[in-house]
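Taking it in order: structure first as structure tokens, then the write-up.
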Amino acid sequence: MHELLAQRVQRRIRELFPDVEGVEIKIDVPPRPEMGDYSTNVAMTLAPLLKMAPREIAGKIVDGFSDRWIEKIEIAGPGFINFFISKEGWAEWFSGIFSDPEKLIPDLGKGRKVHLEFVSANPTGPLHVGHGRGAALGDTLTRLLRATGFQVLTEYYINDAGRQITKLGESVYLRYRELFGEEITLEEDHYKGEYIIEIARKIRDLYGDRFIRENDLEFFKKFAAEEILNGIKEDLDIFRVKFDSWFSERSLYDRGVVDETVEILKSKDLIYEDEGAIWFRSSLFGDEKDRVIRRSTGEPTYFLADIAYHRLKFEGGYDLIIDIWGADHHGYEPRIRAAMKALGFDEERLKILFIQLVSLIKDGRPVSMSTRAGEFVTLRDVVEEVGVDAARFFYLLRRNDSHLDFDLDLARKKSNENPVYYVQYAHARISSIFRQGEKKGLDVKPEFFPEKLGEGEIPLLKKIADFSRIIEQSVRDLSPHRIPFYLVELARQFHQYYNETRVLTENVEERKTRLALIEVVKYILREGLEIIGVEAPEKM
RNA sequence: GCGCCCGUAGCUCAACUGGAUAGAGCGCCGGACUUCGAAUCCGUAGGUUGCAGGUUCGAGUCCUGCCGGGCGCGCCA
């Protein structure tokens, strides 16, 4: 509906003012129903260009603007143009939607390729609630982009090469020795969670005391990282998050990508040696200072591997590269952008989304979380507590750049009042109406008879029409939080309709028309829930 | 000290990249089931959008300065 109106207004403006170019026609939904179904502020945006009063421009646009769908046009306030859609207009529009509901989901991607990297938690401990937020956002974006015609590759970057893996291996090794009665002392940066002991136990059960005799740190590193990564994969699987690709940092070294990247930078004269370390001249590209890429010990830094990794992404021919990072990494952005610029890539293709931290609230107090200290609540704990549907909905109900207080007691206690059930109930209720009709032996095949459309159906139609716009906005801003909000509104509109209008009436045409309407509502609920990864139950 | 994010109803959050009288949920209070599912609906109350300026027809949204909270500023990842 937005789109149709925008086109007509555009045409009218071309007729009137052929010289004006590139005006974007914005169609809004006014705050109150007396102001019409839709409105545009285009007269006001044209005013400075044409050097005319907004109401005068609006007058010219409105004068002679005729359309069989439009019942009335008004000029209001400083120069808004308000459109009132006629019942016949709504009927004709809905007729098109009913015959092909997929039209509601626009093709925005047109096959463009997207690389989306998210979660990428170090395999040094289980996923916690903060990772859950990244997982929910990344996975929902994936589903959203795929639904709107993008080709998306999702990837988890496994940091299996750094110093933290060494510390992990040592931690497990110490716990292993402890199992054989040895006194051990863990250092500050060793991992102290219970899961470390479990891994040590597993090694003991499989290999006995073999590693007491031969100290094989490499084995412990590899075993522990694999073990933890498998747990992460399971957690994500339960959380309905699937990755197309698991990318190992270590493989960048094995395949020579890292060395190659150094050579490229070297050939561009962008690295130098100082105090035994190798530096990259990132300050030439907007970073506040140069950065070390190879330590004086000869070890490469994490940053170097990451440059190599992002180079591969850019060379992969993606139109859009999305990274989802925790907000505590924001200081890292100029650095990686500098590197991409230095390599001659168009860094505009890279979008980095930051997720603000998740604070966990328990007994009304924040809980401290630290992987090293082993104090955290895992994603799995939360899912077991409130369920996947509620957890995902809860995460997505907030903009990613605002802090999230995850109140465990509230999530647990009020899980029945979570808005997710409200939306799911609307879906189940619609299914139930069809079941009920069949049970009564009624013909419940939806069919649309325009003359049977009543005033009571219009608000629901308007809400249906909003879906496309919500999807567009979510893709444009890469912020899918609008979707659960919209679904709640759609569900509300439906529940309201349900309460005042009986669907299964005696009149066949009326019944079929109403069924047509709620079938489209059901379609949107199902598609919308699918995008956010929440189930749409037939019964509950 | 410098940089990034956030301050909106009692609480948790929206507000269509500058639009009209700022909206939901939870909580409080009061109504609606012999009829398609009451996990629902209807109604009441709740606000100087942290503060002070600026930009313009118009600001929760943009610019400046404060105040408050969070997070960064490694040859860590």
Side-chain angles (χ1 to χ4, degrees), chain A residues 2 26-32 35 39 41 44-45 47-48 53-55 76-80 82 122 124 159 161-165 167 189 249 274-279 288-289 291-297 299-303 305-306 326-334 354 356-357 359 394 397-405 407 410 414 416-419 421-422 424-426 428-437 439-440 442 444 466 469-470 472-474 476-477 481-482 485-486 488-489 491-492 494-505 511 514-515 518 539-540:
Chain A
H2 281 91
K26 220 174 103 189
I27 303 291
D28 291 321
V29 176
R32 297 210 320 285
M35 297 170 173
S39 72
N41 63 349
M44 289 181 288
T45 53
R55 288 191 69 107
F80 291 102
N82 294 337
N122 289 345
T124 53
N159 303 125
R163 185 172 288 178
Q164 82 282 359
I165 296 294
K167 289 294 161 190
D189 52 2
E249 178 185 357
D274 188 40
E275 294 180 15
I278 311 285
W279 298 70
E288 56 188 7
K289 52 182 268 199
R291 307 289 174 177
V292 170
I293 57 170
R294 200 179 288 281
R295 289 185 268 266
S296 48
T297 59
E299 291 171 296
T301 61
Y302 171 84
F303 179 44
D306 213 21
D328 54 341
H329 287 67
H330 72 259
Y332 190 76
E333 179 175 7
F354 292 98
Q356 286 297 327
L357 298 191
S359 341
F394 206 98
L397 216 41
R398 279 153 184 76
R399 272 194 355 239
N400 54 284
D401 55 2
S402 65
H403 294 247
L404 168 56
D405 283 338
D407 189 328
L410 201 72
K414 299 201 170 173
N416 289 333
E417 292 156 24
N418 193 301
Y421 296 105
Y422 184 82
Q424 289 180 321
Y425 181 53
R429 210 175 204 186
I430 293 172
S431 308
S432 168
I433 294 173
F434 280 94
R435 278 196 303 270
Q436 209 41 243
K439 215 164 89 184
K440 290 180 174 174
L442 298 170
V444 289
D466 284 346
R469 178 50 68 101
I470 295 293
E472 266 177 49
Q473 288 167 4
S474 301
R476 183 194 63 204
D477 302 338
H481 72 279
R482 301 168 202 276
F485 272 101
Y486 167 78
V488 169
E489 285 171 20
R492 174 173 307 115
F494 164 73
H495 285 308
Q496 205 176 319
Y497 175 73
Y498 174 89
N499 265 69
E500 60 195 26
T501 314
R502 193 176 170 78
V503 176
L504 298 175
T505 56
R511 180 169 74 231
R514 292 178 181 172
L515 286 169
I518 65 170
K539 275 183 193 174
M540 49 193 294

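Within every chain, numbering begins at 1; the chains are lettered A, B, ... in the order of the sequence lines, protein sequences first and strands thereafter.
Pairing partner, rA20(B): none, since no Watson-Crick or wobble contact has both distances short of 3.5 Å. Nucleotide rU48(B) is matched to nothing when pairs are restricted to Watson-Crick or G-U wobble geometry with both distances under 3.5 angstrom. rG68(B) is paired with rC6(B) under the criterion used here, namely a Watson-Crick or G-U wobble arrangement in which both key atom distances are under 3.5 Å. Across all strands shown, the partner of rG1(B) is rC73(B), judged by Watson-Crick or G-U wobble contacts whose two distances both fall under 3.5 Å. Judged by Watson-Crick or G-U wobble contacts below 3.5 Å, the nucleotide rU35(B) has no partner. In this structure, rA14(B) forms no base pair with any nucleotide, since neither Watson-Crick nor G-U wobble geometry is met with both distances under 3.5 Å.
At whole-Å resolution of the value, CG in Asn41(A) and C1' in rU17(B) are 13 Å apart. When the P atom of rG37(B) is taken as reference, atom OH of Tyr498(A) falls 5 Å away, rounded to whole Å. Distance Leu404(A) CG to rC11(B) P: 17 Å, rounded to the nearest Å. Atoms CD1 (Ile27(A)) and C1' (rU17(B)) sit 17 Å apart, rounded to a whole Å.
Distance noted for atom C1' between rC71(B) and rG65(B): 23 Å (whole Å). Taking atom C1' in both rA24(B) and rA15(B), the straight-line distance is 10 Å, to the nearest Å. Comparing the C1' positions of rU21(B) and rU48(B) gives a spacing of 16 Å, expressed to the nearest Å. Look at the P atom in both rG25(B) and rA14(B): the space between them is 16 Å, to the nearest Å. rC4(B) and rC66(B) have their P atoms separated by 14 Å, with the value rounded to a whole Å. If you take atom P in rC16(B) and the same atom in rG72(B), they sit 30 Å apart, rounded to whole Å. Annotation: rC63(B) and rU55(B) have their P atoms spaced 15 Å apart (nearest Å). Straight-line distance between the P atoms of rC26(B) and rA39(B): roughly 14 Å, to the nearest whole Å.
Using a cutoff of 4.0 Å between basic side-chain nitrogens and carboxylate oxygens, Arg163(A) and Asp189(A) are not scored as salt-bridged.
Side-chain contact annotation: Arg429(A) with His495(A), donor-acceptor N/O pair under 3.5 Å present.
With its ring centre under 5.5 Å from that of the base six-membered ring and a plane angle below 30°, Phe80(A) counts as stacked on rA20(B).
Contact check, Lys289(A) against rC73(B): no side-chain N or O comes under 4.0 Å of OP1 or OP2. Put simply, Arg163(A) has no side-chain N or O that comes within less than 4.0 Å of OP1 or OP2 on rC75(B).
No donor-acceptor pair closer than 3.5 Å links the side chain of Thr501(A) to the backbone N or O of Tyr498(A). Looking only at distances, no side-chain donor or acceptor of Ser432(A) sits under 3.5 Å from a matching main-chain atom of Ala428(A).
Between Arg398(A) and His481(A), every side-chain heavy-atom pair lies at or beyond the 4.5 Å cut-off.
Using a 90° window around 0 for the glycosidic torsion, rC33(B) falls inside it and is classed as syn.
If you check every strand for non-hydrogen atoms under 4.0 Å, Arg482(A) touches sugar and phosphate atoms only. Using a 4.0 Å heavy-atom criterion, one finds that Pro419(A) contacts no nucleic acid atom at all. At a threshold of 4.0 angstrom between heavy atoms, the contacts of Lys539(A) include nucleobase atoms, whether or not backbone atoms are also involved.
Considering only the side chain of Arg502(A), rC36(B) comes nearest among rC36(B), rA20(B), rC76(B). For Arg398(A), the side-chain atoms get nearest to rA14(B) when compared with the rest of rC16(B), rA14(B), rC75(B).
Put simply, the side chain of Thr301(A) and the base of rA77(B) share no donor and acceptor less than 3.5 Å apart.
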